[in-house]
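Following: one structure in structure tokens, then a few remarks.
Atoms within each ligand, like the ligands themselves, are counted from 1 in listed order. Note that this is a predicted model, so its numbers are computed, not measured.
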Amino acid sequence: MTIPEKTDHYVLNTYGRFPLTIAKGAGTRVWDETGREYLDFCAGIATCSLGHCHPALTAAITAQASQLMHCSNLYYTPQQASLAEVIVEKVVQQDGGKVFFSNSGAEANDGLIKLARRHGVESGRHEIITFNQSFHGRTIGAMSATAQGKIHDGFGPLFPGFVYCPLNDLEALKAAITDKTVAFLLEPIQGEGGVNIVTKEFLDALAQIAREKDCLLLLDEVQCGMGRTGTLNGWEVISPDLKPDAISWAKGMGGGFPIGAFWVKDSLAPLLGPGSHGSTYGGNALACAASQAVIETIISEDLVSNVQAREAQVREAIAEWNHPAITEVRGAGLLLGIGLDAGKLSIPEDAVASIHLCKELLGLGLLVPPAGPETVRFLPPLNVTSEDVASALELLKKVLDAHLR
Ligand SMILES: Cc1ncc(COP(=O)(O)O)c(C=O)c1O
């Protein structure tokens, strides 16, 4: 059996996989099992922030693996304490607060949902407003928070207490608020839903309403956080002075090592006291050492400046092409969605435009993920070079030109 055949035989078929088996990675490159090289602008879907096998990450994991991997949250470890300090003092920078460690983004978001539930206990409120096209993960809680019918399909009844609302529509938001509303949960830039950015006006109004109504402003920074937007925090690119009540992360904070986390401001920390929440692997020594190496490299190498420069490079090039099949470039930093006009492209009738183009690009040696039917995402590592960005752009243009009607 080939590797795809063996995988399909033994692994539950929940992913629509591309026809590529990745055997090795280094920096912005991966290689298949035949040794063919690919430029990786998927980066584990915004996860491999430092590229593949970055020496700082490899060294941190190697050193920690021979020291202590795991010991249970019944005990203290220096790695968990240090990583929490880095997140609170260097990433969030909002006068304190505390961190809980999980293993994934969905699990971090489940923690935010539990925080909101506890916040509403005394006032009898439990409803959380989330936004159309959001994506918060696949656990029953995070999936129910996700306002996309296709994600819920066949899994009902959903976990109760979520109210879905159009994004960037203040009137609809006001209409959705009830005396049961306890929190708002949103991605400052929606990733999976098509790379949709929240407007400053909407985000600021949401924060103001949250304050007035004693509701929590919960930010899902799982995809847009940790430098990806060209700022350390995704919300900063929209509204730098925003004061969220709690924040979740995963993906880019581990650079490829599984870890997630959420932060809560100090006044909310007592809501989640001893016995209220937990995770066996959450924040184990190995994951924390890996994540600290990733976050400290992002900060010490000023990768947000590189992200800004590479974003400008992509936007300038695409503006210059003035390509009839490109409608717009959405997002920020290196969380970019290139919007396509499928009507201008010759795509097989039974194919989804974005997926078809991603497959064609794969054939040319570029990995990019789709985001919805008419968007291709550029999510390269944060330390990607201008040469690699130029190569990826050249391949994109080549494929679009070849498919132009
Ligand atoms: C914004 C956002 N939140 C949550 C998740 C879920 O993260 P995980 O797959 O680590 O559970 C994702 C994953 O794509 C995401 O993009």
Side-chain angles (χ1 to χ4, degrees), residues 12 14-17 41-49 100-116 128 130-148 150-152 155 159 162 164 167 183-198 203 217-229 233-235 237-238 244 246-263 279 281-283 287 290-291 294 330-337 354 367-372 375 377-379:
L12 207 57
T14 61
Y15 301 102
R17 296 184 203 266
F41 272 44
C42 175
I45 315 188
T47 295
C48 307
S49 2
F100 177 90
F101 290 107
S102 64
N103 305 286
S104 67
E107 195 193 345
N109 285 332
D110 276 358
L112 295 188
I113 294 163
K114 287 178 73 174
L115 177 78
I128 301 175
T130 65
F131 297 90
N132 294 352
Q133 303 308 124
S134 55
F135 184 78
H136 298 297
R138 301 285 192 158
T139 58
I140 193 79
M143 176 192 79
S144 303
T146 294
Q148 290 195 58
K150 68 173 193 208
I151 305 285
H152 304 155
F155 293 119
F159 184 74
F162 293 100
Y164 310 133
L167 188 67
F184 308 109
L185 168 64
L186 79 167
E187 304 155 74
I189 300 179
Q190 293 182 336
E192 300 308 301
V195 189
N196 310 308
I197 194 158
V198 178
L203 193 53
L217 179 60
L218 310 173
L219 296 186
D220 178 344
E221 292 256 332
V222 167
Q223 184 158 156
C224 68
M226 298 289 174
R228 182 141 294 273
T229 51
N233 300 293
W235 80 79
V237 86
I238 303 165
I247 308 159
S248 59
W249 305 270
K251 289 187 177 278
M253 74 178 284
F257 199 94
I259 183 168
F262 67 88
W263 168 92
S279 173
Y281 275 126
S291 179
V294 172
R330 294 189 300 277
L334 292 174
L335 172 43
L336 293 176
S354 58
L367 308 191
V368 281
T375 303
R377 261 180 299 180
F378 263 24
L379 303 168

Report yes if Phe135 has an N/O atom closer than 3.5 Å to an N/O atom of ligand 1; otherwise report no.
yes
Proximity to ligand 1 by part of Thr139, non-hydrogen separation under 4.0 Å
neither
Quick one: CE on Met253 to CD1 on Ile259, what's the gap to the nearest 0.5 Å?
4.0 Å
Under 4.0 Å from any heavy atom of Glu187, which atoms of ligand 1 are there?
1 (C)
Could you list which atoms of ligand 1 come closer than 4.0 Å to a heavy atom of Ser104?
10 (O), 11 (O)
N/O of Gly105 under 3.5 Å from N/O of ligand 1, yes or no?
yes
Could you see which bit of Gln190 sits under 4.0 Å from ligand 1, with heavy atoms only: side chain, backbone, both or neither?
neither
Quick one: does ligand 1 sit under 4.0 Å from the side chain of Glu107, the backbone, both or neither, non-hydrogen atoms only?
neither
Main-chain N/O of His136 paired to Asn109 side chain as donor or acceptor, under 3.5 Å:
yes
Given 3.5 Å as the limit, does a donor-acceptor pair link the side chain of Arg377 with the main chain of Leu336, or not?
no
Does His152 have its ring centroid less than 6.0 Å away from the ring centroid of Tyr164?
yes
Which value, rounded to the nearest 0.5 Å, describes the distance between Leu167 atom CG and Gln133 atom CD?
9.5 Å
In the structure I gave you, are the side-chain heavy atoms of Pro188 and Val237 within less than 4.5 Å of one another anywhere?
no
May I ask you to list the atoms of ligand 1 that are less than 4.0 angstrom from any heavy atom of Ala106?
6 (C), 7 (O), 8 (P), 11 (O)
Is any heavy atom of the protein nearer than 4.0 Å to atom 3 (N) of ligand 1?
yes
Please write down residue, atom name and distance for the protein heavy atom closest to atom 13 (C) of ligand 1.
Lys251 CE, 3.2 Å
Within this structure, what is the CZ-CG distance for the pair Phe262 and Asp110, rounded to the nearest 0.5 Å?
9.5 Å
Return the option from Thr146, Val222, Thr47 holding the heavy atom at the smallest distance from atom 5 (C) of ligand 1.
Val222
